[in-house]
Amino acid sequence: MRELFTIDKKNYKKDGSVFIRPSVRGIIMKDGKIAMMHSLKYDYYKLPGGGIEPGESYEDTLIREVREESGLIVIKESIKEFGYVRRIEKGRFEDIFIQDNYYFLCDVEEQVVSQSLDDYEEEEQFTLEFVSPLHAIEINENADHKEKGDIQTFMGMVERENKVLEIVRKEYA
């Protein structure tokens, strides 16, 4: 899979403890718009997806996470690699946090089922919206995110999503 880019904050102790958290994200396009999870509480957008469980394939994680977060049902045969992003920064509990985010293009069924949100996703009021990539980027850059906790990690996620959305815009405009 192609590397899209790396975000290395260089704010960690180089020889310290390491926590690696791989995840997958779905890029689902429909009529020039992209499926995004909108946090109504903090007013930001992110692509649907989440962490890979032990023994789970990328494809199975993508199908599970997209369905849980958004209610969209990924068509397994449509899944295509898009690229990955590596993010390295000081962790919350460990010295170094590494997150490899694997992005996949995919199609979904017409039917939308109910979400099955984690506690934090429910608290943030994640809502599925199809928006233009530019709209998501502008909100992520300009909205008042209302005192989002752990702002360093949050801003790293926003930077990652916005850079991926820019690549999507260039390649699929």
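Computation of the quantities below employed the complete heavy-atom set of this structure, encompassing side-chain atoms and omitting hydrogens, waters and symmetry-equivalent molecules.
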Aromatic rings Phe97 and Phe19: how do their planes relate, parallel, tilted or perpendicular, breaks at 30° and 60°?
-> parallel
Can you list every salt bridge (Lys or Arg N to Asp or Glu O under 4.0 Å) pair that touches residues 95-105, not counting sequence neighbours?
-> Arg86-Asp100
Tyr45: partners by ring-ring contact (aromatic ring centres under 6.0 Å, His included), with sequence neighbours left out | His38, His135
Short N-O contact, Arg64 and Glu69, less than 4.0 angstrom | no
Can you list every pair that meets side-chain hydrogen bond (donor to acceptor under 3.5 Å, both in side chains) and has a residue in residues 22-37, with sequence neighbours left out?
-> Ser23-Asn101
Output yes when Lys13 and Glu89 qualify as a salt bridge under the 4.0 Å nitrogen-oxygen rule, no when they do not.
-> no
Ion pair check, Arg67 and Glu65, cut-off under 4.0 Å | no
For the pair Lys163 and Glu166, find out whether any cationic side-chain nitrogen is under 4.0 Å from an anionic carboxylate oxygen.
-> no
Presence of salt bridge, Lys41 and Glu122, under 4.0 angstrom | no
Do Ile98 and Val18 come within less than 4.5 Å of each other through their side chains, counting heavy atoms only?
-> yes
If you draw a 6.0 Å radius around CZ in Arg160, do more than 12 non-hydrogen atoms from other residues or ligands fall strictly inside?
-> yes
Whether Tyr58 and Tyr102 hold their rings parallel, tilted or perpendicular, with breakpoints at 30° and 60° = parallel
May I ask whether Tyr12 and Met157 are part of the same hydrophobic cluster, defined by side-chain heavy atoms of I, L, V, M, F, W, Y residues being less than 4.5 angstrom apart, directly or through others?
-> no
